[in-house]
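Read the structure below first, then the notes.
Quick caveat: nothing in here was measured; it's all calculated off a predicted structure. Sequential numbering from 1 along the given sequence is applied to the chain's residues.
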Amino acid sequence: MSDTALLEIRFFTTRPGTRAEFDRVSRDGTVPLMRRCGIEVLAHGPMLNDDDGYCLVRVFESEQDRLARGGSMYETDEWKDVYEEPVTAMMADYRTAVIEVPRHAVHAYASALLS
């Protein structure tokens with residue numbers, strides 16, 4: 001295992017008036033689905049500085065892992081049958097940033113969230 005991990009930070013812009021539902025679907029549906037697919041979700045939630053903004057932070061071992069594991073969720077029947085249409089309808093846009101961070105920092109943050 002490397003001393004570094006990749007953080008994938010997704011910045012979503014939801015359509016006006018849909019962010020609360022986007023958050024509910026994320027908390028109750030898509031984030032648990034990601035975790036069942038083996039994706040480590042470090043944080044997610046409404047942005048404090050943007051009324052239509054939502055952020056999702058995920059952790060991956062490598063770029064290859066990010067592409068394979070990140071894409072695996074979108075191949076599930078659950079995503080296709082339950083979430084794809086309503087989630088994409090609530091999204092106006094999104095951007096993805098990927099940065100390399102020390103693995104110990106990821107573990108420290110995750111531990112702090114659990115305490």
Shared hydrophobic cluster for M34 and Y83 (ILVMFWY, side-chain gaps under 4.5 Å) = yes
ask   = With the 4.5 Å side-chain cut-off for hydrophobic clustering, are I9 and L6 part of the same group?
value = no
message = Nearest 0.5 angstrom please: E100 CD to D3 CG, how far?
response = 10.0 Å
query = Above 12 or not: heavy atoms from other molecules or residues under 6.0 Å from CG of L48?
reply = no
inquiry  = Do I39 and R35 make a side-chain contact, defined as non-hydrogen atoms from C-beta onward lying under 4.5 Å apart?
reply    = no
key: Any donor-acceptor N/O pair, R10 side chain to R95 backbone, under 3.5 Å   = no
message = I need the minimum non-hydrogen distance between R69 and G38, along with the two atoms involved.
response = CD-O, 2.9 Å
ask   = Can V106 be reached from V98 by stepping across I, L, V, M, F, W or Y side chains whose heavy atoms are under 4.5 Å apart?
value = no
query = Hey, would you say the F11 and Y94 ring centroids sit under 6.0 Å apart?
reply = no
For residues 52-59, which side-chain N or O atoms pair as donor and acceptor with protein atoms under 3.5 Å away, sequence neighbours left out?
from	atom 1	to	atom 2	distance (Å)
Y54	OH	D23	OD1	2.9
Y54	OH	H44	ND1	3.1
R58	NE	E8	OE1	2.6
R58	NH2	E8	OE1	2.9

query = So, R66 side chain and E61 main chain: donor-acceptor pair closer than 3.5 Å or not?
reply = no
key: Rounded distance [0.5 Å steps], CG in L33 versus OG in S26   = 11.0 Å
key: Transitive ILVMFWY side-chain link F12 to L42, under 4.5 Å   = no
task = For side-chain contact (heavy atoms from CB on, under 4.5 Å), just list the numbers for T30 and W79, CA-CA rounded to whole Å, side-chain angles, deciding distance to a tenth of an Å, and then say yes or no.
result = CA-CA 8 Å; T30 59; W79 169 259; 3.8 Å; yes
query = According to a 4.5 Å side-chain heavy-atom criterion applied to Ile, Leu, Val, Met, Phe, Trp and Tyr, with indirect links allowed, do L7 and M47 form part of one hydrophobic cluster?
reply = yes
ask   = Is it true that E78 and R36 make a salt bridge, defined as a side-chain N closer than 4.0 Å to a carboxylate O?
value = yes
ask   = Which heavy atom in R19 sits nearest to a heavy atom in D50, and how many Å separate them?
value = NH1-O, 2.7 Å
ask   = Could you go step by step and tell me if V31 and R27 meet the side-chain contact (heavy atoms from CB on, under 4.5 Å) rule?
value = CA-CA 6 Å; V31 168; R27 279 184 289 106; over 6 Å; no
Please tabulate, for side-chain N and O atoms in residues 85-93, each donor-acceptor pair with protein atoms closer than 3.5 Å (sequence neighbours left out).
from	atom 1	to	atom 2	distance (Å)
T88	OG1	E84	O	2.6
T88	OG1	E85	O	3.2

message = Rounded at 0.5 Å granularity, tell me how far OG in S72 sits from CG in D65.
response = 9.0 Å
